[in-house]
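These notes are about the structure you will find just below.
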Amino acid sequence: MKRLTKWMIRSQPKHPVNKELAASSLDESASVSPELEQNEQLLQDTFDNCSDIVFRKVRHSGDGDGEKREWMVIFLSSLVNEQLIDDQILKPLILMPTDKQLSIDACAEAFLSAGTIEVTAKMKDIVRQLLNGYAIVFAQTEQKAMMVKASGIKQRSLEEPSSEPVIRGPRDGFIENIGTNLGLLRSRLKTSRLKTETVTLGELSQTQIMIVYIAGLAEEPLIEEVQKRVKRVQVDGILDSGYLEEFIEDFPYSPFPQVHSTERPDVAAAELLEGRVVILVDNTPFALIAPMTLWAGLQASEDYYIRWPIATFVRWIRFLFIFIAIFAPPLYVAVTTFHQEMIPTNLVLSIASAREAVPFPALIEALLMEIIFEALREAGIRLPKQIGQAVSIVGALVIGQAAVQAGIISAPVVIIVSITGIAAFTIPRYSFANGIRLLRFPMLFLAGTLGLYGIVLGFIGILLHVSSLRSFGVPYFAPVSLSSLKDILIRSPIWSRTLRPGLLGMDSAIREPAGQKPSPSRGKSSSE
C-alpha cells in the first residue's frame, strides 16, 4: 500500500494548471492607474473574449460649477443585479454635486447607498471581486477604486432536504448560496460567539470556504487543525464539498467517512453546540462537520425530535440492521457451503430443493444478485424520477420471479439480498451507508473461501480498522464513556443530558444544569 501511495504521488505533477494560469492571469503587483483608459485596457486584456463584462462611463450632471469628473463602472452582467447598479451606483454618481472634488474614500462614505463598499488600490483585488459579483468604480485622477457588492445570481428557495427527510422536524435545508446557509445557522444560534473565517480555494473556481465554530465550545487545537488542513489545499477548482472532504480527512483509503456531511441546518447547529466545527462551501448544499465519529453515522436528526423511548427503540433497530447489512449474505454463503450441519434439517432440505436447478455455487449466486441489486439501485437514482420507478419495478419483477423460474438464481438468495438492501436503507447517513455496502463484497469472498472462519477474520479486521481510525485527532469510536452512553446506546431524555460529549467541548463540559426532570409536584409548585 505504501509503494502504491508513493507511486501515485510521484506519477502526478505538482500543480498541472500553474503554467497555464501564469501565462493568462493578471500581474499580482499591478495597481490602479489614475488614467481610466489604462485601467480599462488592463481589464479588457484580462477579460478578453468575455462577452458579459460591461464598461460604463458616466459624468457628473449636478448643479455645481466645479469640474465635471468622469467615472467608470465595470461589472460582469451575468453575476450582478443591474437594478442595484442603476439605483445605488450610477444615479448617485450622475447626480453628485460638482462644486468640489471628492476623494474615492469620501465618495464611498457619503454618496453611494450600497451596503458593502470596499476601497482598494490593487488590481488583483478588483479582478477577484469582479468574479464575486461586485461592481468596480474608478474615478479620473484617483489611484484607488471602489468595489461595491451588487451580486444578483438567482437562487432556489429553501426546501426540505431530499437526502435527510424527517416526519417531525424543521423543513428547511441548506442551498447553494453560502451566505444564505450561514444565515440559517445564525437564525438558530443567535450569539456573537458564533465565529466564521472565510478562505478562498481553487485557482480557477475561487470558491469561498467558511469555517464556522462557537468560541468557547470548540477547542482551539481542533479549530487550528481544521484551518491548517483547509488552507493547505491547492487545486484548480472546488465544485462541491465532496472535493474538500477528500483533502482534509485522515485516512483516504478507508471506506468509512471521517468528515460528516449534512444538508440540514438543525443538524449543523446541534453539532456546533457539541463543540464541533462546520465547514460551509459555496455552491453546494452539503456542509461538512468535523470531527466525525462512528455514532454520528448511525444517528438521525429525528432521534431528538420524537419521544426518547421510541428513538431508543429505532436506534437499536438500526444497530441490528447494520449487522444484517454486512453479514447476512456472507452468513448464508458460509452456512450453505461449509456448515450445513448448523441449519435445521427441514430448512436444509428446503434450501437444497430451491437450489437444485441453479448451476452456480452459493458464492457466485450471491455475488450475482448483489451486483444486479446495486446496478438497479444506481439506475433508479440516476434516471429521471418517473423512469427510475419503472426500472425499479421491472427489475424487481425480473429478479424476483423470472430469474428464479429460469433457474439462474434461487429464491432464498432473493430473500437474503432483499433483506440486506432494506437493512442498508435504514442507515440515516448516506456516505456511511455506502461504506457499509462496500464491506459486504470482501466479506462474501471470505465467507465463500473460508466459511465462518473467514467471517470471523473479516469482523476482526473491520473492528481493528475502525478502532484505528481518527477524525481530526478524535478516535472514531469516541466518545464511549458512561456519561456518553446516554446518547449512544440509548437516546436519553433531553433534561438528563447535562454534559457535552467526551473529547469535545471539554472547556465548557456542562450543557445544562441538572434537576430539570419534570414531575407533577414540580409543575404544581411552579404554577403556584
Side-chain angles (χ1 to χ4, degrees), residues 161-165 240 242 245-246 249 251-263 286 292-300 314-315 317-334 362-383 388 391-392 395-396 399-400 403 409 412-449 454-467 469 471 476-477:
S162 58
S163 63
E164 299 173 73
D240 185 81
E245 180 181 348
E246 293 195 19
E249 61 186 358
F251 296 88
Y253 297 106
S254 172
F256 294 98
Q258 295 123 58
V259 181
H260 184 191
S261 63
T262 181
E263 267 189 289
F286 284 91
M292 179 183 180
T293 60
L294 175 72
W295 316 109
L298 306 178
Q299 297 170 353
V314 173
R315 190 169 287 185
I317 291 290
R318 281 195 213 113
F319 292 157
L320 172 64
F321 273 73
I322 284 174
F323 281 97
I324 291 176
I326 299 177
F327 296 110
L331 277 173
Y332 171 80
V333 171
L363 174 61
I364 301 299
E365 194 183 1
L367 279 175
L368 190 64
M369 271 297 298
E370 287 287 350
I371 291 172
I372 293 174
F373 181 82
E374 293 295 330
L376 280 172
R377 178 186 164 281
E378 190 68 14
I381 294 175
R382 305 300 161 212
L383 286 171
V391 169
S392 301
I399 293 174
I409 55 176
V413 171
V414 175
I415 296 172
I416 293 291
V417 172
S418 301
I419 294 174
T420 305
I422 293 171
F425 291 142
T426 62
I427 301 172
R429 306 299 177 197
Y430 180 72
S431 57
F432 191 81
N434 286 340
I436 296 296
R437 285 166 46 209
L438 190 62
L439 288 176
R440 204 154 56 226
F441 290 94
M443 291 299 298
L444 271 174
F445 280 107
L446 287 171
T449 53
I455 293 177
V456 172
L457 286 175
F459 176 71
I460 293 174
I462 294 172
L463 198 61
L464 290 175
H465 174 68
V466 175
S467 302
L469 284 180
S471 175
Y476 209 57
F477 262 129

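For the single chain, residues carry numbers from 1 onward in sequence order.
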key: Between CD1 on residue Ile460 and OG on residue Ser467, distance to nearest 0.5 Å   = 11.5 Å
ask   = How far apart are the C-alpha atoms of Ile317 and Thr426, what are their side-chain angles, what is the distance that settles it, and do they pass the side chain to side chain contact (heavy atoms under 4.5 Å, CB included) test?
value = CA-CA 9 Å; Ile317 291 290; Thr426 62; 5.6 Å; no
key: Closest non-hydrogen atom pair, Met292 against Phe432   = CE-CD1, 4.3 Å
message = When you measure from the side chain of Glu164 to the backbone of Thr262, do you find a donor-acceptor pair of N or O atoms at a distance under 3.5 Å?
response = no
key: Aromatic plane relationship, Trp295 with Phe319 - under 30° parallel, 30 to 60° tilted, over 60° perpendicular   = perpendicular
query = Out of curiosity, Leu331 CG to Ile455 CD1, how far, rounded to the nearest 0.5 Å?
reply = 4.0 Å
query = What closest approach, in Å, do Pro257 and Ser431 show between heavy atoms, and which atom pair accounts for it?
reply = CG-OG, 3.6 Å
task = Give the minimum heavy-atom separation between Leu438 and Pro442, together with the two atoms involved.
result = O-CD, 3.1 Å
query = Which heavy atom in Ser471 sits nearest to a heavy atom in Gln258, and how many Å separate them?
reply = OG-O, 2.6 Å
request  = Under the salt bridge (charged side-chain N to carboxylate O under 4.0 Å, His left out) rule, collect the residues that match up with Glu246, sequence neighbours excluded.
outcome  = none
inquiry  = If you define the side chain from C-beta out and look only at heavy atoms, does anything of Leu463 sit under 4.5 Å from Phe477?
reply    = yes
remark   = Distance col, row Ile324:CD1 vs Arg440:CZ, nearest 0.5 angstrom, shows 11.5 Å
query = Do the non-hydrogen side-chain atoms of Glu245 and Phe286 ever get within less than 4.5 Å of each other?
reply = no
query = Hey, are the side chains of Arg377 and Phe425 touching, using non-hydrogen atoms and a 4.5 Å cut-off?
reply = yes
task = Look up atom CD1 in Ile371 and atom CZ in Phe441, then write down how far apart they are to the nearest 0.5 Å.
result = 6.0 Å
message = Is any side-chain heavy atom of Phe251 closer than 4.5 Å to one of Phe256?
response = no
request  = Report yes if some heavy atom in the side chain of Ile436 is under 4.5 Å from a heavy atom in the side chain of Ile427; otherwise report no.
outcome  = yes
ask   = Taking all non-hydrogen atoms of both residues, which atom of Gly448 and which atom of Leu363 are closest, and how far apart?
value = CA-CD2, 4.1 Å
When the side chains of residues 415-422 are checked against the rest of the protein, which donor-acceptor pairs come out under 3.5 Å, sequence neighbours left out?
| from | atom 1 | to | atom 2 | distance (Å) |
| --- | --- | --- | --- | --- |
| Ser418 | OG | Val414 | O | 2.6 |
| Thr420 | OG1 | Ile416 | O | 2.7 |

key: Over 12 non-hydrogen atoms of neighbours within 6.0 angstrom of OH in Tyr430   = yes
ask   = Between Arg429 (side chain) and Gln299 (backbone), is there a donor-acceptor pair under 3.5 Å?
value = yes
query = Do Leu439 and Pro255 have side-chain heavy atoms sitting under 4.5 Å apart?
reply = yes
note = What one should report as the nearest heavy-atom pair of Leu444 and Glu370 is CD1-CG, 4.0 Å
key: Within-4.5 Å side-chain heavy-atom neighbours: Pro428 and Arg318   = yes
Between CZ on residue Phe373 and CZ on residue Arg437, distance to nearest 0.5 Å = 8.5 Å
